[in-house]
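Worksheet for the structure shown next.
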Number of protein chains: 2
Amino acid sequence: MMKMKDNMAGQTLCPVARAETVVGDRWTVLVLRELFARNHRFEEIQAQTGGTPQMITARLKKLEADGLLTRRIYNKRPLRHEYHLTEKGEAFFPVLMALRAWGEAWCKSPREGRAMNYTHLTCGKPAGLGPVCESCGKPVRREDMVGERTAKYQKERDARWDAFKASR
Amino acid sequence: MMKMKDNMAGQTLCPVARAETVVGDRWTVLVLRELFARNHRFEEIQAQTGGTPQMITARLKKLEADGLLTRRIYNKRPLRHEYHLTEKGEAFFPVLMALRAWGEAWCKSPREGRAMNYTHLTCGKPAGLGPVCESCGKPVRREDMVGERTAKYQKERDARWDAFKASR
DNA sequence: CTTGTTGCTATGATTTTCATAGTAATATGG
DNA sequence: CCATATTACTATGAAAATCATAGCAACAAG
């Protein structure tokens, strides 16, 4: 699957082009979003991304092949896996944050409000949207932050889960 | 073209999902890369991305519709346009830089070397890959940096241009 | 008046995606 | 036991996107 000129990746030195052969796809990014949100199971990922099972299966396989995630058995008989980010996958965090910042700033009307708010544990204050904490100015790392969903966004996710469950 | 569940964008508060309906596509990102590299003409964009004319036409149209770029006439009769980033398009820069950093770090072997090196004009030293200058620690803005292609990458681009020109 | 340049559009084969349905392996409740 | 539920997928066929290749329109240059 997914030829997407994979050979081209080895033909260019451009890191953006290289990265895009791995993550240059809507579903892939949404799957990564869910993994960062600590949703590790197939069902949750499918429900929250809205993808068909094949889409999710294909992305998970490709992400595994590309080294961004590993399968972890959480139940044998029946065999069940959880999907966890590797170091390479975790390293994608800044991209997702930059995308988030751009999306909040340019793809929403202000009155819609935020989806999440992050607190910078190092200083205890809001981290804002940028690559450095808006409160203390230090670069933010994933492990120094806690994110909290806004009530509205949490409700939206709950509704998606319910709708997904109801449809089976 | 490109249905990609555009309506879903209005249905979710998630900024990542919103952003992905706009830029969640390999070609789109490569087109943006070229615009940031100050290549404003159709031909250059096509040559350096390797896309078919339809791909490029479609992405340029969608990017215009989404407000990331504007057409600017540089020649009437025959009518010719240049494509320039809007403020919204320019604002995408941090995402591209984050993607670049990830690509350099995780999608290449170290011996392949960098594609570009940026100098932070504010301090006059190398800016590195991160969101803050590796030399002076300040957050980097696009207008405070100059990028220079490495010899190898420049050669690669020249070769692509030549190959493109030779094929018509 | 022929050749070149630039920016596309047209065409048809191939590939991907989507919606819908179904399966496999097991747990759970009665 | 036996029916229903749970979880993680696979199968199928229609619809849409993508690809390679070719061609065209509007002029400029020689």
Side-chain angles (χ1 to χ4, degrees), chain A residues 1-8 20-21 24-31 34-35 39-64 69-84 161-168, chain B residues 1-8 20-21 24-31 34-35 39-64 69-84 161-168:
Chain A
M1 60 147 281
M2 199 174 288
K3 181 181 57 170
M4 66 169 160
K5 249 175 195 166
D6 265 343
N7 43 350
M8 212 267 215
E20 282 295 294
T21 66
D25 170 279
R26 209 171 86 86
W27 295 118
T28 300
V29 174
L30 294 180
V31 167
E34 288 310 305
L35 293 178
N39 281 334
H40 303 291
R41 308 236 171 131
F42 191 94
E43 208 186 8
E44 298 172 309
I45 295 168
Q46 198 200 337
Q48 293 301 329
T49 59
T52 61
Q54 299 95 305
M55 286 295 107
I56 307 307
T57 305
R59 302 312 135 155
L60 289 171
K61 269 192 187 135
K62 182 155 194 291
L63 284 167
E64 191 185 8
L69 61 80
T70 45
R71 283 156 174 269
R72 193 178 295 177
I73 293 172
Y74 74 88
N75 193 41
K76 340 179 158 186
R77 320 196 49 81
L79 192 56
R80 295 285 182 256
H81 296 98
E82 281 181 342
Y83 301 91
H84 286 265
W161 179 254
D162 291 345
F164 178 78
K165 279 296 184 181
S167 72
R168 3 179 45 221
Chain B
M1 60 146 283
M2 196 175 290
K3 183 183 55 172
M4 69 167 158
K5 246 173 198 169
D6 266 341
N7 42 351
M8 212 266 215
E20 282 294 294
T21 65
D25 168 279
R26 210 172 87 84
W27 295 118
T28 301
V29 174
L30 293 180
V31 167
E34 289 310 305
L35 294 178
N39 282 334
H40 303 291
R41 308 237 170 129
F42 191 94
E43 209 186 7
E44 300 173 310
I45 296 168
Q46 198 200 337
Q48 293 302 329
T49 58
T52 61
Q54 300 95 304
M55 286 295 108
I56 307 306
T57 305
R59 300 315 134 153
L60 288 172
K61 267 191 188 134
K62 183 154 193 289
L63 283 168
E64 193 185 8
L69 60 82
T70 45
R71 285 156 172 269
R72 192 179 296 176
I73 293 172
Y74 74 89
N75 192 42
K76 341 179 159 185
R77 319 198 48 83
L79 192 56
R80 295 286 182 257
H81 296 96
E82 282 182 341
Y83 301 92
H84 287 264
W161 180 255
D162 292 345
F164 177 77
K165 278 296 179 180
S167 74
R168 4 179 39 221

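Convention: sequence-line order gives letters A, B, ...; per-chain numbering from 1.
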Q: Measure the spacing between OG1 of A/T28 and CD1 of A/I56 and express it to the nearest 0.5 Å.
A: 9.0 Å

Q.
Taking A/R72's backbone N and O only, do any of them form a donor-acceptor pair with A/H81's side chain (distance below 3.5 Å, no angle check)?
A. no

Q: Quickly work out the B/Q48 CD to C/dG7 C1' distance and round it to whole Å.
A: 17 Å

Q. Can you check the A/F42 CZ to D/dA8 C1' distance for me, whole Å?
A. 6 Å

Q) Quick one: is B/K165 getting a side-chain N or O under 4.0 Å of the C/dT5 phosphate, OP1 or OP2? A) no

Q. Hey, which of these two, A/Q54 or A/H81, hits DNA chain D nearer its 5' end, going by closest nucleotide?
A. A/H81

Q. Between A/R71 and A/E82, is the closest basic N to carboxylate O distance under 4.0 Å?
A. no

Q.
What's the separation between atom CD1 in A/I73 and atom CG in A/L79, rounded to the nearest 0.5 Å?
A. 5.0 Å

Q. To the nearest angstrom, how far is B/R26 atom CZ from C/dT15 atom P?
A. 16 Å

Q. Any N or O donor-acceptor pair linking the side chain of A/Q46 to the base of D/dT7 at under 3.5 Å?
A. no

Q) Would you say D/dA8 has OP1 or OP2 under 4.0 Å from some side-chain N or O of A/Y83? A) no

Would you tabulate the pairs of protein nitrogen or oxygen atoms and nucleotide nitrogen or oxygen atoms of nucleotides 26-30 of chain D closer than 3.5 angstrom?
residue : atom : partner : partner atom : Å
D/dC27  : OP1  : B/R77   : NE           : 3.4
D/dC27  : OP1  : B/R77   : NH2          : 3.0
D/dC27  : OP2  : B/R77   : NH2          : 3.2

Q. From the list C/dA19, D/dA22, D/dA8, which nucleotide is the closest neighbour of the side chain of B/P53?
A. D/dA22

Q | d(CD, A/E82; P, D/dC9) in whole Å | A | 12 Å

Q.
Looking at every non-hydrogen atom in both residues, tell me the closest pair between A/H40 and A/L35 and how far apart they are.
A. CE1-O, 4.1 Å

Q) What pairs with B/E43 under side chain to side chain contact (heavy atoms under 4.5 Å, CB included), at least two apart in sequence or on another chain? A) B/W161, B/F164, B/K165, B/R168

Q.
Can you measure B/I56 atom CD1 to D/dC19 atom C1' for me and round it to whole angstrom units?
A. 13 Å

Q: Rounded to the nearest angstrom, tell me the gap between atom CE in A/M55 and atom P in D/dA8.
A: 19 Å

Q | Any B/R59 side-chain nitrogen or oxygen under 4.0 Å from OP1 or OP2 of D/dT18 | A | yes

